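In what follows, a structure is listed as structure tokens, so that the remarks can point back to it.
Hydrogens, waters and symmetry mates play no part in the numbers below; they use all other heavy atoms, side chains included. Keep in mind it's a predicted model, so treat the numbers as computed, not measured. Within every chain, numbering begins at 1; the chains are lettered A, B, ... in the order of the sequence lines, protein sequences first and strands thereafter.
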Amino acid sequence: MPELPEVEVTRRAVTGLLVGRRVTAVATTRPSAFFLTPPKTLRMRLEGRVVQRLERLGKYLVATLDDGSRLLLHLGMTGQLWSSAARAPDAHTHLVLSFADRGPDLLFRDARKFGKVRWLAPGKSDPRLDKLGPDALSITGEHLFQSARRRTAAIKTVLLDQKVLAGVGNIYADEALFLAAVKPTRRARSLTRIECDRLARGIVRVLEAGMAAGGSSIDDFVRPDGGSGSYQDQHQVYGRGGEPCPACGQPIRRVLIGQRSSCFCPRCQR
DNA sequence: CAAATCCCCTGCAGGC
DNA sequence: TGCCTGCAGGGGATTT
């Protein structure tokens, strides 16, 4: 489940596979919700273009092309970018870009098809991007405090709201709340400024550790070369319901918050 | 506007 | 062995 660290690890790994290369062919599966821009249009717009840079905005990857247009990629739950040098296309490979230099293709594979592809004309934007809050790597306690104070929802729900901050998903939200010793079910507006400071530091810390470990490989995340991340080995609470808390030994509790499973230590987190 | 709910989709684990 | 059910969850759409 790609969150900011996994998307950033992917971006770094795939930059060399995209930037500076001229697209010569675009192969896709049939039209579906995966394609916000129809396959036919994608093909027409991308062929002949040179990729100039690849950025990450929250959990989105944004490739800028030499005509000023942009290609948005979102990995959803199970999206993977692969080099054709590491894996052959299969039934779940929905987009394949080939290049003029005849080097490896870029494969976008997504078993569950929660991922998205969209082409943006020059100067055009996308509400998905426009609404994103500040990047989670630069989040401050002050911003969290100002955002949380108006919300009655659980703080965990607010952390997952990409309009508040962009990049945090279920795994890193649970881990950051543990580091900050804040219970995920707490009403957001009940958090003090001090707690928001701790939470902001916790978020940045788990995201940086996640990137350093190459991301969390639970079921689906792989790097484009086929390698996997190892941050799952450092998870303190995520996915550990029933196991002892690494800090105090109390059994970790698992609850549902907004249909998402959430794990926390009832003793350490208040 | 905020919050709650449903839904998209498919692989996999667990139960029988 | 094989079938069925439930679960995983990012995020958009819809409803309250």
Side-chain angles (χ1 to χ4, degrees), chain A residues 1-11 28-37 56-62 72-81 87 90-95 108-118 125-133 135-136 144 146-177 184-191 203 207 210 215-222 228 231-232 235 237-242 254-264:
Chain A
M1 37 220 78
E3 304 181 26
L4 186 151
E6 291 74 30
V7 176
E8 179 61 22
V9 166
T10 299
R11 187 193 67 80
T28 71
T29 48
R30 57 180 54 256
S32 69
F34 181 85
F35 295 104
L36 296 176
T37 299
R56 179 189 58 75
L57 293 178
K59 300 176 195 174
Y60 287 88
L61 288 174
V62 183
L72 307 192
L73 305 175
H74 193 289
L75 300 178
M77 281 288 302
T78 52
Q80 307 168 333
L81 297 181
R87 185 193 240 278
D90 62 6
H92 295 307
T93 305
H94 300 293
L95 178 67
F108 190 167
R109 184 175 184 275
D110 186 359
R112 223 126 106 206
K113 287 170 74 176
F114 281 10
K116 296 280 180 283
V117 177
R118 180 171 191 185
S125 195
D126 182 308
R128 293 168 178 78
L129 295 185
D130 296 340
K131 289 180 192 161
L132 290 178
D135 195 80
L144 279 185
Q146 292 304 331
S147 304
R149 64 186 301 182
R150 290 177 267 110
R151 304 281 296 262
T152 59
I155 183 62
K156 166 103 182 255
T157 301
V158 174
L159 293 185
L160 295 179
D161 185 344
Q162 304 299 300
K163 297 189 287 301
V164 172
L165 73 167
V168 173
N170 208 34
I171 297 174
Y172 293 92
D174 275 8
E175 294 297 310
L177 285 160
T185 52
R186 279 268 301 280
R187 276 175 183 266
R189 68 179 178 193
S190 77
L191 266 67
I203 288 167
L207 295 177
S216 300
S217 294
I218 304 285
D219 302 309
D220 303 294
F221 176 67
V222 288
S228 53
Y231 192 62
Q232 66 278 7
H235 292 171
V237 290
Y238 177 81
R240 296 191 183 279
R254 178 181 176 276
V255 298
L256 283 183
I257 300 174
Q259 329 285 47
R260 261 75 178 162
S261 79
S262 304
C263 294
F264 67 98

Practice item. Name the nucleic acid region contacted by A153(A), choosing base, sugar-phosphate or nothing; use a 4.0 angstrom heavy-atom cut-off, strictly under. Key: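 A153(A): backbone/sugar contact only, no base atoms under 4.0 Å.
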
Review point. What does T152(A) touch in the nucleic acid at a heavy-atom separation under 4.0 angstrom: a base, only the sugar-phosphate, or nothing?
Key: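 If one applies the 4.0 Å heavy-atom cut-off, T152(A) turns out to touch the sugar-phosphate alone, with no base involved.
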
Exercise for review: Keeping the roles fixed (side chain from E3(A), backbone from Y172(A)), state whether a donor-acceptor pair exists under 3.5 Å.
Suggested key: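 Here the side-chain-to-backbone pair exists.
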
Practice item. Spell out, as yes or no, whether a donor-acceptor pair under 3.5 Å connects the side chain of E175(A) to the backbone of N170(A). Key: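 Judged by distance alone, no pair lies under 3.5 Å.
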
Let me know the distance between [atom1] of [X] and [atom2] of [N], rounded to the nearest Å.
| X | N | atom1 | atom2 | answer |
| --- | --- | --- | --- | --- |
| L159(A) | dA3(B) | CG | P | 13 Å |
| L256(A) | dG6(C) | CG | P | 14 Å |
| K156(A) | dA4(B) | NZ | P | 15 Å |
| I257(A) | dA4(B) | CD1 | P | 11 Å |

Exercise for review: Report yes if the side chains of H235(A) and I171(A) come closer than 4.5 Å at any heavy-atom pair, otherwise no.
Suggested key: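 The answer is yes, as the side chains (C-beta and beyond) meet within the 4.5 Å cut-off.
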
Point to revise | Sequence-distant partners of R56(A), salt bridge (Lys or Arg N to Asp or Glu O under 4.0 Å), two or more places apart | key: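 Salt bridge (Lys or Arg N to Asp or Glu O under 4.0 Å) check on R56(A) returns E8(A), D135(A).
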
Exercise for review: Work out which heavy atom in V164(A) is nearest to a heavy atom in V158(A); give both atom names and the distance.
Suggested key: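 Closest approach of V164(A) to V158(A), heavy atoms only: CB-O, 3.8 Å.
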
Practice item. Using the test ring-ring contact (aromatic ring centres under 6.0 Å, His included), find all partners of F34(A) that sit at least two apart in sequence or belong to another chain. Key: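 By the ring-ring contact (aromatic ring centres under 6.0 Å, His included) rule, F34(A) matches H94(A), F108(A).
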
Study note, to complete from the structure: Whether each nucleotide of nucleotides 9-16 of chain C has a protein heavy atom under 4.0 Å at its base (B), only at its sugar-phosphate (S) or at neither (-) is summarised, 5' to 3', as BBBS----

Point to revise | Closest-nucleotide ordering on DNA chain B, the 5'-leading residue of R150(A) and G258(A) | key: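 It is R150(A), whose closest nucleotide lies nearer the 5' terminus.
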
